[in-house]
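The structure appears right after this line, and notes come after that.
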Amino acid sequence: MRHIAKLAVVALLLTTAACTSDDGGGSSGGGSGNTPGVTDTEILIGTHMPLTGPAAAGYSKIAPASKAYFDYVNANGGVHGRKINYKVMDDTYNPATTQQVVRELVLQDKVFAIFNGLGTPTHTGVLDFLKTNRVPDLFVSSGSRSWDQPQKYPGTFGFNPDYTVEGKILGTYVKTTWAGKKTCFLGQDDDFGRDSLIGFEKGLGAPVAAKQTYVTSNPNVGPQIGAFKAAGCEVVMLGTIPGFTALSLGTAAKIGYKPQFVVSNVGADPTTLTRTLGAAAPALLEGVVADNYLPLNTDDGNPWIQLFKKVNAEHNGNAEFDNLIVYGMSGAYLLVQALQAAGKDLTREGIIEAVQKNGFTGGPGLAPLRYSKDDHSGYGGMRLTKITGGKAAYFGPTYETDEKDGPVQEYAQQPATPPANGIPAAS
Amino acid sequence: MTDLRERAPAKVPTEKGKNALSLYRHLALMLLGAVVILALSYALPPFRNYQLATVGAYLCVTAGLTVLTGLNGQLSLGHGALMAVGAYTLAMTQNKLAGQGQWTLLVAVLAAIVVTTAVGAVVGLAAARLRGPYLAGLTLAVAVVVPAIASTFDTTFNSDQGLSVSVDPPPLALGYDFPYERWQAWLAWAGALVTLLFLANLVRSRFGRNLTAVRDDEAAARLAGINVARTQVMAFVVSAACAGLGGALIAVLSQSVSPGAFPLTLSLFLLMAIVIGGLGSLAGALWGAVLLVVLPATTHSLTDSFDVSAAVAQRLEGNLPLAIFGVVLIVVMLAFPGGIASLKKFLPNAKKLLPKRKA
């Protein structure tokens with residue numbers, strides 16, 4: 001009995017201590033003057049990225065590239081005198097881990113915002129959490145239509161063109177170029193694949209002849225590609241991440257099946273695919289049609305590529321320069337634009353206001369950004385690419401469209417050139 | 001109650017008296033646990049509360065597993081899958097009922113326990129016919145099949161992306177600014193404490209003695225009139241129910257379920273946790289649950305504090321927790337074969353602080 005009495009006293013003491021500490025916690029949490037993650041000298045930004053796991057091929061290079069660009073900005077004085085501190089957490093492309101690491105970033109590290117969190121299945125799971133904690137969720141690294149729900153998720157903004165927009169543009173191209181050919185679709189078994197298919201069929205104006213899905217936890221697409229071969233598909237659209245694009249191309253070649261492949265931009269970076277496919281890559285990739293909305297890594301004459309290569313050499317250990325590095329730096333550039341626009345008095349509401357107000361022209365993108373109160377989707381269009389000799393190159397005009405039934409039309413405006421010092425100016 | 005306790009050792013207690021005694025004792029311990037958790041939930045910052053809640057959810061599972069493996073001698077590598085059954089049941093029930101009030105959560109949790117119990121009974125029926133490696137193989141298969149089921153019936157389970165779980169915010173009666181993570185800790189530990197109370201009484205009962213009798217010598221148990229097969233199936237069913245509750249709580253905490261949350265490694269980690277904690281003891285289950293949450297977190301901050309190149313950090317990430325778990329397992333097994341829970345034998349003072357009837 002003595003033990004229990006002793007323990008009861010301890011518990012009582014604990015409770016008292018807890019009650020007093022709670023008062024302190026309550027007042028600091030409710031303070032409106034200080035924004036989480038922002039000091040006079042620093043802004044803490046967090047993200048979740050697949051640094052390991054099934055989606056790490058290629059995607060693991062995005063966050064270091066963004067970080068390199070932030071370091072470049074920091075070395076040149078930062079944004080409104082504050083340096084950007086970018087904390088990257090590995091979620092292995094596993095939605096359960098994403099839950100854990102995003103909570104840690106928000107509750108423990110008290111980040112100002114989540115930036116460029118990667119993945120449709122992963123990021124979908126943290127939308128509600130970010131909303132309840134009023135954390136700005138900027139420029140999600142995925143093209144799901146879920147990010148564009150300003151009523152439901154007022155703090156979430158997309159970056160990639162949504163997969164439906166992309167699917168419509170690719171579908172329209174397939175319809176006009178390969179009219180009458182049997183067209184089929186392989187997609188990831190989540191919102192990514194489904195949105196992509198919806199857009200692709202809209203563009204085609206007809207349902208696809210055969211559709212298959214894959215899951216990232218099962219690295220085998222033999223049955224799916226076999227089914228396409230058996231069905232006699234002549235054009236195959238892939239709504240796949242890089243690892244599975246490579247797997248699909250390789251599997252098709254293995255069974256002697258040679259359709260025309262059309263690939264979503266998220267899974268079509270030739271450098272990443274070449275790394276996975278090895279020596280056979282040039283032959284397997286020849287003629288693959290894809291799309292993009294940022295400058296291509298091989299376009300040495302482009303001033304953006306020159307800028308990003310310089311940043312890559314100075315701050316990223318001169319990593320192999322592929323389109324995912326371009327992607328990471330372009331996203332980082334957009335965040336710096338947003339931070340510049342939000343002004344010196346940085347608050348969470350302030351940056352959301354700033355993003356909704358700005359079209360953010362002057363960035364590296366080919367297509368328009370249309371952020372507003374009612375539109376939180378990312379880039380509104382893209383330009384087609386074709387791979388020849390292991391290198392992708394743009395052809396034809398840039399197209400823009402919406403996720404609904406709007407027409408696919410040309411977007412004539414020429415892309416901007418970067419500012420002389422490579423850092424967006426304060427507005 | 002105090003009278004009972006102090007008088008009891010003086011005379012030879014009857015069977016009934018003994019049971020009542022341990023019931024009171026367990027009730028008191030549970031109340032004490034509740035007070036401690038309550039205090040902790042107010043003292044800790046939000047993220048620590050979330051981790052505390054996760055410990056509670058894991059504790060349900062490790063407690064059930066340690067009864068099955070430690071006391072009944074049945075090895076299960078499939079408890080992660082049973083958690084998944086509970087989690088998916090909760091998600092689907094809760095999403096059907098959502099928005100009608102807090103009671104839906106209780107209904108969903110109960111549904112999760114019932115469904116997992118049923119699945120556990122089926123697996124247990126098969127398991128009771130198998131021994132050693134064959135039993136491990138069967139339960140392993142159960143763990144492996146989860147992602148395949150989720151992607152085969154993708155219209156129901158939504159494949160790798162999983163389902164999101166709509167959970168109501170804390171009741172308004174607790175105040176408008178009541179932290180969500182504290183509420184989560186309360187929910188998870190309510191489940192954990194009820195589980196512990198239930199199991200603590202169960203292992204002290206006739207059924208509990210049957211469990212150990214069957215573990216130690218099946219033939220002897222059978223000669224003593226114990227139905228061996230039934231005891232084994234029942235042990236599996238009880239353990240599955242606990243896993244179902246734990247899975248349901250995990251789903252509530254993360255507000256989502258996906259196959260990735262219940263990989264094979266989770267099942268292996270659960271087993272390692274109860275072995276490190278101390279096989280067969282509920283205190284060991286608590287240590288195991290704490291380790292499951294604390295070790296990955298510590299290793300993460302450990303890798304963060306090392307100033308290594310990005311490439312090395314990337315390779316360490318994800319593999320390091322596994323390695324550290326393994327090292328801890330080896331060290332604990334070498335130094336204290338009884339697990340962390342047996343440590344207090346070496347610390348006479350600690351024993352006074354942690355009253356436990358079994359010396």
Side-chain angles (χ1 to χ4, degrees), chain A residues 1-4 6-8 10-19 21-22 25-26 29-30 51-53 56 60 64 67 89-90 92-97 99-101 103-104 106-109 120-122 124-129 132-133 188-192 213-218 317, chain B residues 2 5-6 28-29 32 35-36 38-51 54 147-148 150-151 154 158-162 164 166-167 169 177 179-181 250 253-263 296-297 300 304 309-311 313-315 317-319 352-355:
Chain A
M1 196 54 234
R2 269 207 336 270
H3 305 312
I4 291 189
K6 230 188 261 173
L7 277 168
V10 171
L12 202 69
L13 283 175
L14 264 176
T15 325
T16 343
C19 289
S21 81
D22 183 54
L51 301 179
T52 58
S60 62
K67 199 176 174 62
M89 299 287 262
D90 181 19
T92 70
Y93 208 63
N94 174 350
T97 318
Q99 294 284 340
Q100 181 79 30
V101 297
R103 273 188 169 75
E104 192 172 339
V106 170
L107 300 174
Q108 184 79 346
D109 301 324
T120 305
T122 47
T124 307
V126 293
L127 285 178
D128 285 306
F129 171 75
T132 31
N133 284 277
Q188 192 162 304
D189 195 3
D190 56 26
D191 286 349
F192 165 28
T213 58
Y214 71 89
V215 291
T216 50
S217 48
N218 180 11
Chain B
T2 51
R5 266 194 56 90
E6 268 160 12
L29 275 177
L32 186 73
V35 171
V36 170
L38 203 64
L40 277 177
S41 76
Y42 275 95
L44 295 174
F47 183 65
R48 297 289 167 219
N49 257 328
Y50 178 73
Q51 288 182 314
T54 318
S151 54
D154 55 353
N158 200 16
S159 198
D160 275 5
Q161 189 173 335
S164 57
S166 59
V167 184
D177 286 329
Y180 188 59
E181 285 73 27
I250 290 278
L253 296 185
S254 61
Q255 296 173 50
S256 74
V257 286
S258 58
F262 308 98
H300 190 93
D304 265 6
S309 77
Q314 215 182 87
R315 237 166 274 151
E317 184 78 57
N319 297 324
K352 275 187 196 158
L353 274 174
L354 291 168

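Below, each value reflects all heavy atoms present in this structure, side chains not excepted, and no hydrogens, waters or symmetry copies. Naming: A, B, ... by sequence-line order, numbering from 1 per chain.
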- prompt: Can you tell which of S254(B), P46(B), A261(B) has the highest number of heavy-atom pairs within less than 4.5 Å of chain A?
  reply: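 Max contact count across the listed options: S254(B).
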- request: Give, as side chain, backbone, both or neither, the part of P45(B) having an atom under 4.5 angstrom from any heavy atom of chain A.
  value: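 Neither the backbone nor the side chain of P45(B) comes within 4.5 Å of chain A.
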message: Taking side chain as everything from C-beta outward and backbone as N, CA, C, O, which of these in S258(B) sits under 4.5 Å from a heavy atom of chain A? Side chain, backbone, both or neither.
response: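 When you check distances to chain A, only side chain atoms of S258(B) fall under 4.5 Å.
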- prompt: Between E181(B) and L107(A), which heavy-atom pair has the shortest distance, and what is it?
  reply: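 Result for this residue pair: OE2-CD1, 3.5 Å.
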- request: Might you point out which heavy atoms bring L253(B) and R103(A) nearest each other, and give the distance in Å?
  value: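 Smallest interatomic distance, heavy atoms only, reads O-NH2, 3.4 Å.
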Please classify the contact between [X] and chain B as side chain, backbone, both or neither, with a heavy-atom cut-off of under 4.5 Å.
X	result
T216(A)	both
N94(A)	side chain
N218(A)	neither

field: Test side-chain contact (heavy atoms from CB on, under 4.5 Å) applied to Q100(A) - qualifying residues, sequence neighbours left out
entry: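 Listed in chain order: F47(B), Y50(B).
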Residues in side-chain contact (heavy atoms from CB on, under 4.5 Å) contact with N158(B), at least two apart in sequence or another chain: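 Checked N158(B) against side-chain contact (heavy atoms from CB on, under 4.5 Å); matches are R194(A), Q161(B), L163(B).
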message: Quick check on the interface: out of T132(A), V106(A), T97(A), D191(A), who has the most heavy-atom pairs with chain B under 4.5 Å?
response: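 Ranked by contacts with chain B, first place is D191(A).
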